[in-house]
*Asks:* 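Got a structure for you, questions after.
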Amino acid sequence: MSRPSSWSIGRHRPRAEAPLTGYKIAYPMISADARRAGFNGVALGRTQVYGGVADAVCIQSPRHRPPSSWCDCGFYCFHDLDDARDLACDPQYQHCVLLEIAASGRFVRYELGLRYARQTIRSVRLGRCGCGRAATALADGGPGVVGWRRLHPVCGLCAGPRPVLTPEAFGVLCGHVPVRGDEAVDDPAAAVFAPLDGVGGDGDLDEGTLVPLLTAEVALLQARLDQVQSRLEQLTHRSE
Ligand SMILES: [Zn+2]
Ligand SMILES: [Zn+2]
């Protein structure tokens, strides 16, 4: 994760005595053979995918161990879940999930978070589908990296007939990490969005909206009927 510019200079400490809790965002990934799942960082180390437990590696130099004071290597996390949620609103990080992690080993402490050597993922929160509803599954998404495909958190409606990975199945492939929805998405107090009246039924749609909608539906039906008709003809001819 990139270090936000508002982070102050860190104080270097040799090691964490006990694991420290942190929060971050990452892209969920699945291996090309669909046997493993993991995460891709959002800025540094974008070519690497890490699993449930991982040690940071420096892509600039193999001669030091992350987190080096002279380098920006290492894993990054925030102290607060809300800071990770805020970062997930940035358009370039759409389709990320929220990770709760335990940081261990050497670390550098900043005002907003940590840069550290070893990471254990404690849980994954799926957050929102691109349509704004709570995401309930993971579907094949955008660009991947060599050996890994990127997944997008989706709701049931947007997933449609696409095959999806359930949160449980994804968690198992990550090494038995709990995966769930984000309580901030489900929170009724935050539910200021509601479906528009008339969507899903035609009760409140005026004629100007309804006519093009119906015309489009009729055109679709007609195309489907033509398909069925030609298929029937093929079958009839074959059996003659
Ligand atoms: Zn480094
Ligand atoms: Zn959706």
Side-chain angles (χ1 to χ4, degrees), residues 1-4 7 9-16 22 24-28 40-50 54-77 85 88-89 91 93-98 103-110 113-119 124-142 150-167 169-170 179-188 190-201:
M1 183 161 71
S2 61
R3 185 172 62 211
W7 285 29
I9 300 299
R11 284 184 292 128
H12 204 269
R13 295 239 183 111
R15 293 190 82 82
K24 64 193 292 178
I25 60 173
Y27 298 113
N40 186 212
V42 296
L44 297 172
R46 271 198 174 196
T47 53
Q48 290 163 338
V49 174
Y50 53 82
D55 289 303
V57 287
C58 180
I59 51 171
Q60 333 268 9
S61 162
R63 273 180 251 127
H64 59 248
R65 281 186 305 146
S68 162
S69 313
W70 311 106
C71 193
D72 54 6
C73 56
F75 288 117
Y76 285 82
C77 73
R85 274 201 194 104
C89 296
Y93 304 134
Q94 209 189 358
H95 309 302
C96 275
V97 293
L98 290 163
S104 52
R106 288 148 46 86
F107 72 95
V108 184
R109 184 184 287 276
Y110 298 90
L114 301 170
R115 180 158 66 95
Y116 53 98
R118 181 159 239 251
Q119 171 174 282
V124 181
R125 288 170 168 87
L126 289 189
R128 277 177 213 282
C129 173
C131 74
R133 291 186 195 85
T136 51
L138 291 155
D140 232 42
R150 191 186 286 183
L151 299 170
H152 282 176
V154 290
C155 74
L157 274 173
C158 292
R162 274 189 294 170
V164 294
L165 206 57
T166 63
F170 180 75
V179 183
R180 56 190 162 109
D182 184 3
E183 57 274 26
V185 179
D186 302 329
D187 182 3
V192 289
F193 285 89
L196 260 183
D197 286 342
V199 172

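All ligand and atom numbering here is 1-based and tracks the order in the structure. Residues take their numbers from the sequence shown, with the count starting at 1. Quick note: numbers below take in every heavy atom, side chains included, and nothing from hydrogens, waters or symmetry partners.
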*Asks:* State, with a plain yes or no, whether a side-chain heavy atom of L126 is found less than 4.5 Å away from one of P167.
*Replies:*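 In short, these two side chains touch, coming nearer than 4.5 Å.
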*Asks:* Can you check the angle at the Zn ion (ligand 2) formed by SG of C158 and SG of C129? Round it to the nearest 10°.
*Replies:*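 My answer is 110°, to the nearest 10°.
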*Asks:* For side chain to side chain contact (heavy atoms under 4.5 Å, CB included), just list the numbers for L157 and C131, CA-CA rounded to whole Å, side-chain angles, deciding distance to a tenth of an Å, and then say yes or no.
*Replies:* CA-CA 9 Å; L157 274 173; C131 74; over 6 Å; no
*Asks:* Counting only N and O atoms by type, is there a donor-acceptor contact under 3.5 Å from the side chain of N40 to the main-chain atoms of Q48?
*Replies:*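 Yes, the answer is positive, given that a donor and an acceptor are paired below the 3.5 Å cut-off.
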*Asks:* Is there a donor-acceptor pair under 3.5 Å between the side chain of R133 and the backbone N or O of V154?
*Replies:*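 Flag not set: sc R133 to bb V154 has no pair under 3.5 Å.
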*Asks:* Report the C-alpha distance between V164 and L138 in whole Å, list the side-chain angles of each, state the deciding distance to 0.1 Å, and finish with yes or no for side chain to side chain contact (heavy atoms under 4.5 Å, CB included).
*Replies:* CA-CA 5 Å; V164 294; L138 291 155; over 6 Å; no
*Asks:* Take atom CZ in R162; do more than 12 heavy atoms of anything else shown fall under 6.0 Å from it?
*Replies:*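 Correct, the count exceeds 12.
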*Asks:* Could you please tell me which protein N, O or S atoms lie under 2.8 Å from the Zn ion (ligand 1)?
*Replies:*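 Result, waters dropped: C58 SG, H64 NE2, C71 SG, C73 SG.
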